[in-house]
Amino acid sequence: MKNTNFVTGSFIALTLVVILGIFFFQALNQPAHEGKTMPVDNVHLEDRVSLHYVLKNVNEASQYLESHGKSYFNERDEVPSKTIEFGKSKNLEEGSANEVTSIVVNYRGFDTLGEVTVLFISIIGLTLLMRGINNKKIREPSLILKTGTTFLSPLIVLFGIYVFVHGHLTPGGGFPGGAIIASGILLLIIGLESFQFNSVLSKSIESLAGLAFVGIALAGLFVKKSFLANFMPTGTVGYLYSAGMVALIYIVVGLKVGAELASGIAKLKEGGKND
Amino acid sequence: MYVIIISVLGITMIFAAFMAIYAKKLITAIISLGLIGLFASIIFLLLAAPDVAITEAAIGSGLSIAIYLFALRHTEGQEEK
């Protein structure tokens with residue numbers, strides 16, 4: 001009986017994979033600008049990221065679309081837009097050069113607050129589940145791991161800090177930066193036996209960062225009468241001091257996510273006996 | 001060019017997924033899961049989504065694999081024989 005189930009399950013899985021593979025190749029072979037699938041062959045990276053990152057004056061684009069009734073994707077090159085110069089243009093949709101960031105923090109800031117809350121709740125659940133599970137010794141790290149850890153983990157943490165501080169300029173942001181910091185701390189945890197994870201420090205960083213996020217959002221409510229409104233001067237596109245509160249929020253989110261993920265991993269490694 | 005690279009990565013990902021399901025040892029399954037995350041991040045980079053690629057490389061092939069490994073260590077000796 002068990003064997004029959006296994007064969008049936010394998011057959012169904014194989015059929016699904018074949019069907020998915022057919023869809024995969026069909027999507028890849030679609031010519032660009034014809035269907036709604038992603039064009040792959042005719043697109044250059046610089047065409048998508050660098051040159052068009054500045055096509056953000058949504059008002060003009062939407063007026064054009066209303067008057068012509070065309071879809072934005074097909075007619076993107078014909079949408080009228082102001083020329084935007086790096087280091088000169090000001091206040092183009094809150095001034096952040098990375099358009100993903102300007103969407104995630106400006107337009108969907110409340111979503112970001114919710115995502116941070118979801119992560120917080122999942123780490124609380126992990127802490128609850130790990131209660132009463134004892135620490136198990138892991139194998140002693142080898143010489144290569146020890147030596148590599150001592151000089152690689154500071155670099156990894158530094159790169160994580162760079163990713164979330166420059167979140168409004170280059171690809172990245174709070175969540176990737178926090179995850180990179182947590183992976184650097186993971187390397188410390190498994191590579192250095194003398195390393196003790198300071199759970200009080202991580203808890204205080206996490207709580208203060210969460211409070212700061214809500215505080216920035218409430219400041220927007222008081223200054224501009226809207227929760228999470230961008231109330232700071234937005235500066236010039238491409239400079240570090242630009243995009244208003246986007247940079248502040250990403251620094252806060254990066255610290256919070258890094259502290260949360262690192263404390264979760266430390267909890268899994270050490271067991272939850274202390275709490 | 002992109003089509004060839006993405007096809008090769010995608011086929012390898014499918015094989016790694018099969019390996020993750022049918023591997024005898026759990027550690028083999030976890031490592032092939034990490035391979036899927038790594039190749040997915042390369043595909044995201046080629047499809048001009050560097051934000052997603054960074055996140056996938058850090059979480060999909062780094063942290064989640066570590067979490068699985070720690071969980072496996074805590075459940076050692078309780079596997080179905």
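Protein chains get the first letters and strands the later ones, always in sequence-line order, with residue 1 at the start of each. Only this structure's heavy atoms are used, side chains among them; waters, hydrogens and symmetry mates stay out.
- More than 12 heavy atoms of other residues, nucleotides or ligands lie within 6.0 Å of CG in A:L128, so this atom counts as buried by the packing criterion.
- Heavy-atom contacts from other residues, nucleotides or ligands closer than 6.0 Å to OH of B:Y68 number 12 or fewer.
- Closest heavy-atom contact between A:I180 and B:A58: CG1-CB, 4.0 Å.
- For A:L155, the CG atom is densely surrounded, since the number of other residues' heavy atoms within 6.0 Å is greater than 12.
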Which donor-acceptor pairs under 3.5 Å do the side chains of residues 37-54 of chain B make with protein atoms, sequence neighbours left out?
residue: B:S41; atom: OG; partner: B:L38; partner atom: O; Å: 2.7
residue: B:D51; atom: OD2; partner: A:G172; partner atom: N; Å: 3.0

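- Between B:R73 and A:K269, the shortest heavy-atom distance links the atoms NH2-O, 3.2 Å.
- A pairwise comparison of heavy atoms in B:T55 and A:P176 identifies OG1-CG, 3.1 Å as the closest pair.
- Counting non-hydrogen atoms of neighbouring residues, nucleotides and ligands closer than 6.0 angstrom, the CZ atom of B:F15 reaches no more than 12 such neighbours.
- For chain B, the option among A:G177, A:S10, A:G173 with the highest count of heavy-atom pairs below 4.5 Å is A:S10.
- When heavy atoms are compared at a cutoff of 4.5 Å, A:L186 approaches chain B solely by way of its side chain, counted from C-beta outward.
- With a threshold of 4.5 angstrom between heavy atoms, B:I67 approaches chain A through its backbone and through its side chain.
- For the ring pair (Phe, Tyr, Trp, His ring centres under 6.0 Å) test, no residue two or more places apart in sequence or in another chain qualifies with A:F197.
- Contacts between A:L261 and chain B at a heavy-atom distance below 4.5 Å involve the side chain alone, from C-beta outward.
- Only the side chain of A:I190 comes within contact range of chain B, with at least one heavy atom under 4.5 Å from a heavy atom of that chain.
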